[in-house]
2 protein chains.
Amino acid sequence: MAGADFASRVTLNDVAAAAGVSIATASKALNDTGRMSVETRGRIRRVALEMGFRPNALAKSLTSKRSFTVGLLTNDTYGRFTLPVMAGISEGLIDHGVSVFLCTVEDNPELAKIHVDAMLDKQVDGIIATGKRIDKPLPVDLSKLSVPVVYALTAGPSDAVTLLPDDQRGAREAVQHLVAQGRRRIVHVTGPRGFRVVQERADAFAEALERAGLPVSDAAILRGEWSERWGHEAVEVLWSDDAQPDGIFCGNDQIARGVIDALRERGVGIPGDVSVVGFDNWEIVAEQTRPPLTTVDMNLKELGRQAGQALLRLVNGETVQRGIWKLPCTLVVRGS
Amino acid sequence: MAGADFASRVTLNDVAAAAGVSIATASKALNDTGRMSVETRGRIRRVALEMGFRPNALAKSLTSKRSFTVGLLTNDTYGRFTLPVMAGISEGLIDHGVSVFLCTVEDNPELAKIHVDAMLDKQVDGIIATGKRIDKPLPVDLSKLSVPVVYALTAGPSDAVTLLPDDQRGAREAVQHLVAQGRRRIVHVTGPRGFRVVQERADAFAEALERAGLPVSDAAILRGEWSERWGHEAVEVLWSDDAQPDGIFCGNDQIARGVIDALRERGVGIPGDVSVVGFDNWEIVAEQTRPPLTTVDMNLKELGRQAGQALLRLVNGETVQRGIWKLPCTLVVRGS
DNA sequence: AGGAGATGAGAAAAGGGTTTCTCAAATTTT
DNA sequence: AAAATTTGAGAAACCCTTTTCTCATCTCCT
């Protein structure tokens, strides 16, 4: 039960005094700059090490104009997408000594502004905006900021650097996998019409079918909500018809889960009678379906890593290709 | 395709010059300290506003010894627990102008040290340690740091401030709910023996049964893994016996999901024949079960908020009750 | 030996604020 | 009217590091 007093840290001044030199010399010794004898440099370093000296990053930043800090802004409260992206960013940047402020702004413009202001006040070197929909922007305009911004998994201005998974290629691979399994009557059960990813995946689905020489029909694309329930319903719809599919490509893993459960309830064999492929590789869902779900992984961690690298380059004033970067998806083959 | 140059920010110096006063006066005008005429103060403020002046938080921190920054350290890569906690912390602290560094350290001691050092270098005011198991510490010793530390949902030293959900009360409420539904043959299907929460929830389960005047038997507690599969298996075990339960309290929502699915497959009515209660209120699971799962919510966001508040008090040198704080859980009644 | 160049290290300014003094001018008191 | 306060605002020190100068001392060359 206490508010303890915490020891104040060792400063460069302390080190310099202990080593019997000026702080200028001490600074130079530790940064491997300036001119001095090897003995002096060694002695100062030894003293610093012994005293456990760690330079105050704030003071450093004040002169260097670099805080080695970036802000990550997200409206994905649930974190399904943000966390892998965050992990990638963090992993890619910690080697450069960069730390990440995570700010969840929901869809609240005031809150978003508060967070952005707080980040700018703290002199972040840059900002990464991320979200859960690639066709909706965050509730705040980041285009006129005094620091560079990279967009990942969210909509940004067209002249910005934006990283997105290559949904279309992912969808194509999913279909190709189904075709390779010998499936010929393939349908697509996906989310609501309003989502860009729904459009893109559906287009790629149709295109892949065509390339495979299979008939393409509008009826093969069923749109609903992003839920297990819709997966069930879709199976009901499909199986109330005469011609049942032998391959189902789902718009996300939850729908796939619903589809698989519904098929199993009907006694349809998976993957014996029907093969199912999901999208997202949300492991908590995909690994628990029976059988485990074959699905498309968006490699979000890698996407985060690249977003971090891109931001770093912008911060360093290097040139970076503007526009949309589509990063490859990977088909994860499991048992479905 | 460019590394743009970004406008440098307005400094106090700029404001002072524009207002025709010294920076000392400008500083005092904006902070509502010092002595000056109301006209001067007003003029300076107006100028600052017009110029869009925002003080450099780094410079402020250098003198104030407060960075208004805290570090959140977690080993919960998947974020199931960390994200709600993070959201609560952030929500509770942003009003005080505090931003949060999120660092995921997995179980890697080196990585953890790197992150902790980076945070300390950046002069965080304090650190919150969080994880996915209340009986395992993070892979780094935070007890001798120069800043206060609060533990949430992870093991810390006994003299530290540690916030945990009140698992026992949550479990009791779950059982009481089952009893109130008229259930008399209640069993507990939970996770592996090694977990402290398993022990605690099981103890509370037994105690609650006893209080309700129901027979308590060791056989009523089935331990397995934290998975849907184990939920299925447990139902198999239970239904291979003569006396089947009419109430099942599960150690987490995934197990509950497995139990519900298995029961439905057997044609057992939920909640007609058997009531099921889960633990965690992992909405993505709980809301998609059929019927939706009644479960115990650990109020992690509130836990995070309180962790933030506690840390702030420690930072301010206020006294804080050491030891373990058990925060209430809430039963969320849905359809099971 | 005298001057040029190299060497080692410190003084001082800068970075953007806060805060404690100091001090002249204005106001109040006697 | 002279002395004592109060008021308004600036000078300067400080927070911690970096970096550019400056300068005294050595070493080397002719």
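Since this is a predicted model, take the numbers as computed values, not measurements. Every chain is numbered from 1, with letters handed out A, B, ... down the list of sequences.
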Q) Going by the salt bridge (charged side-chain N to carboxylate O under 4.0 Å, His left out) test, which pairs reach into residues 54-79 of chain A, not counting sequence neighbours? A)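 Matches after skipping sequence neighbours: A:R54-B:D117, A:R54-B:D121, A:R66-A:D125.
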Do we see a donor-acceptor contact under 3.5 Å between the side chains of [X] and [Y]?
{"X": "A:K122", "Y": "A:T69", "result": "no"}
{"X": "A:T25", "Y": "A:S22", "result": "yes"}
{"X": "B:S61", "Y": "B:S67", "result": "no"}

Q. What is the distance from CG of B:N13 to C1' of C:dG17, rounded to the nearest Å?
A.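 The distance from CG of B:N13 to C1' of C:dG17 comes to 10 Å, rounded to the nearest Å.
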Q. Rounding to a whole Å, what distance do you find between A:K122:NZ and C:dG16:P?
A.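 Going from A:K122 (NZ) to C:dG16 (P), I get 19 Å.
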If you define the side chain from C-beta out and look only at heavy atoms, does anything of [X] sit under 4.5 Å from [Y]?
{"X": "B:I94", "Y": "B:V100", "answer": "no"}
{"X": "A:V21", "Y": "A:R43", "answer": "yes"}
{"X": "B:L138", "Y": "B:T154", "answer": "yes"}
{"X": "B:I89", "Y": "B:R305", "answer": "no"}
{"X": "B:L62", "Y": "A:L62", "answer": "yes"}
{"X": "B:N108", "Y": "B:P139", "answer": "no"}

Under 4.0 Å from any atom of DNA chain C, heavy atoms only: list the residues of [range] that qualify, in numerical order.
{"range": "residues 32-49 of chain A", "value": "A:R35, A:M36, A:S37, A:T40"}
{"range": "residues 56-66 of chain A", "value": "A:A59, A:L62, A:T63, A:K65"}
{"range": "residues 22-30 of chain A", "value": "A:S22, A:A24, A:T25, A:K28"}

Q) What's the spacing between B:L72 CG and A:F101 CZ if we round to 0.5 Å? A)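 Atom-to-atom, B:L72:CG and A:F101:CZ are 12.5 Å apart.
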Q) When rounded to the nearest 0.5 angstrom, what is the spacing between CD1 in A:I134 and CZ in A:F81? A)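 So the CD1 of A:I134 and the CZ of A:F81 are separated by 10.5 Å.
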**Q.** First-last contacting nucleotides on DNA chain D - partner chain A, under 4.0 angstrom, heavy atom
**A.**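 Boundary nucleotides touching chain A, in 5' to 3' order, are D:dC16 to D:dT20.
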Q) To the nearest 10 degrees, what angle separates the axes at the start and end of the helix from C:dA1-D:dT30 to C:dT30-D:dA1, five pairs each? A)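 Overall, the helix from C:dA1-D:dT30 to C:dT30-D:dA1 bends by 60° from one end axis to the other.
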Q: Report yes or no: does B:Q306 contribute a side-chain atom to a donor-acceptor pair with the main-chain N or O of B:L163 at less than 3.5 Å?
A: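 It does not hold such a pair.
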Q. Would you say A:R9's side chain and B:L120's backbone share a donor-acceptor pair under 3.5 angstrom?
A.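 Here the side-chain-to-backbone pair exists.
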Q. Would B:D141 and B:S143 count as a side chain to side chain donor-acceptor pair (under 3.5 Å) if you check the C-alpha gap in whole Å, the side-chain angles of each, and the deciding distance to 0.1 Å?
A. CA-CA 6 Å; B:D141 179 14; B:S143 67; 2.7 Å; yes
